[in-house]
Amino acid sequence: MAHIEWILNCDAREHARLEEALLAVGALSVTLLDADAGTPAERAMLEPGVGETPLWPHVELHALFGTEVDRDAVQRAAGRVLDTDRGASPEGTWSEVPDQAWERVWLEDFKPLRFGARTFIVPGTHALPEGADAANAAVVRLDPGLAFGTGTHAT
């Protein structure tokens, strides 16, 4: 099933109220990214510690909806939070997100990781990075996923 995504830029102090308003009008999920970073890869969301919300001054908010979404209602709800001309629709970008095997799509961007001089976490479908000393490398073959994570957690 396809989805509809609305992308809106806001200040960090507005994101929590915007997220709450968007969820109230049917958002299935809300994702926050660094609006000032360059490429999508540079906009990674770090996992905050308990009770922490390390946000950037400007947030790119992505709200995901079902295809039946009332776009006007969504924009009015956001306008009330932002108080844009007493509830006028704020600027944002709507787009269709085609259905995919989401549990596998993110793996396309996962690459081998190096820890220290010799230790590598390498997905089963990848080779050691160029320049790695294969004869002396300590290689952990780990396919990232729900059972084992990505190999980047401190544990």
Side-chain angles (χ1 to χ4, degrees), residues 1-115 120-127 129 140-155:
M1 175 172 102
H3 292 87
I4 303 296
E5 180 179 55
W6 190 45
I7 301 173
L8 174 70
N9 287 325
C10 66
D11 289 334
R13 67 181 183 279
E14 301 165 331
H15 90 277
R17 291 183 304 128
L18 267 173
E19 182 175 355
E20 185 177 317
L22 294 173
L23 290 170
V25 292
L28 303 171
S29 69
V30 176
T31 303
L32 308 175
L33 302 171
D34 181 355
D36 295 326
T39 67
E42 294 170 332
R43 293 189 226 160
M45 175 66 173
L46 301 176
E47 184 177 334
V50 176
E52 295 178 2
T53 309
L55 288 176
W56 315 275
H58 304 102
V59 175
E60 185 178 284
L61 185 144
H62 293 242
L64 192 66
F65 296 89
T67 54
E68 73 289 345
V69 63
D70 180 345
R71 295 179 186 200
D72 291 331
V74 169
Q75 289 180 257
R76 280 192 307 273
R80 284 189 296 274
V81 169
L82 299 174
D83 196 27
T84 54
D85 298 328
R86 302 280 187 237
S89 296
E91 293 295 321
T93 305
W94 290 96
S95 62
E96 183 175 330
V97 179
D99 193 24
Q100 299 181 47
W102 297 108
E103 67 278 5
R104 303 301 302 168
V105 169
W106 70 276
L107 293 173
E108 294 171 7
D109 294 325
F110 194 81
K111 305 290 184 244
L113 300 169
R114 182 180 195 153
F115 298 90
F120 295 86
I121 305 290
V122 183
T125 57
H126 288 74
V140 178
R141 291 279 175 188
L142 178 68
D143 288 324
L146 295 177
F148 296 104
T150 61
T152 60
H153 194 274
T155 58

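In this chain, numbering begins with 1 at the start of the sequence shown.
Closest approach of Pro123 to Lys111, counting heavy atoms only: CD-C, 4.3 Å. What you find for Leu28 and His3 is that their closest heavy atoms are CD1-CD2, 3.5 Å. Contact detail for Leu8 and Ala78: the closest heavy-atom pair is CD2-CB, 4.4 Å. The two residues Ala21 and Ala77 make their nearest non-hydrogen contact at CB-O, 4.2 Å. Heavy atoms only, all atoms of each residue included: Val59 and Ala12 are closest at CG2-CA, 3.9 Å.
Interatomic distance, Glu5 CD to Leu61 CG, rounded to the nearest 0.5 Å: 9.5 Å. Here the straight-line distance linking atom CD of Glu96 with atom CD1 of Ile4 works out to 5.0 Å at 0.5 Å rounding. Residue His62 holds its NE2 atom at 4.5 Å from CG of Leu33, rounded to the nearest 0.5 Å. From His126, atom NE2 reaches atom CZ of Arg141 across 10.0 Å, with rounding to the nearest 0.5 Å. Distance check: Leu18 CG to Leu23 CG gives 10.5 Å after rounding to the nearest 0.5 Å.
In this structure the side chain of Gln75 reaches within 4.5 angstrom of the side chain of Trp6, judged on heavy atoms. By the 4.5 Å heavy-atom criterion applied to side chains, Phe115 and Val140 are not counted as neighbours.
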Report, one line per pair, each donor and acceptor closer than 3.5 Å where one atom sits in a side chain of residues 63-70; sequence neighbours left out.
unit_1, atom_1, unit_2, atom_2, d
Asp70, OD1, Asp72, N, 3.2
Asp70, OD1, Ala73, N, 3.2

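Applying the salt bridge (Lys or Arg N to Asp or Glu O under 4.0 Å) rule to pairs touching residues 12-28 yields Asp11-Arg13, sequence neighbours excluded.
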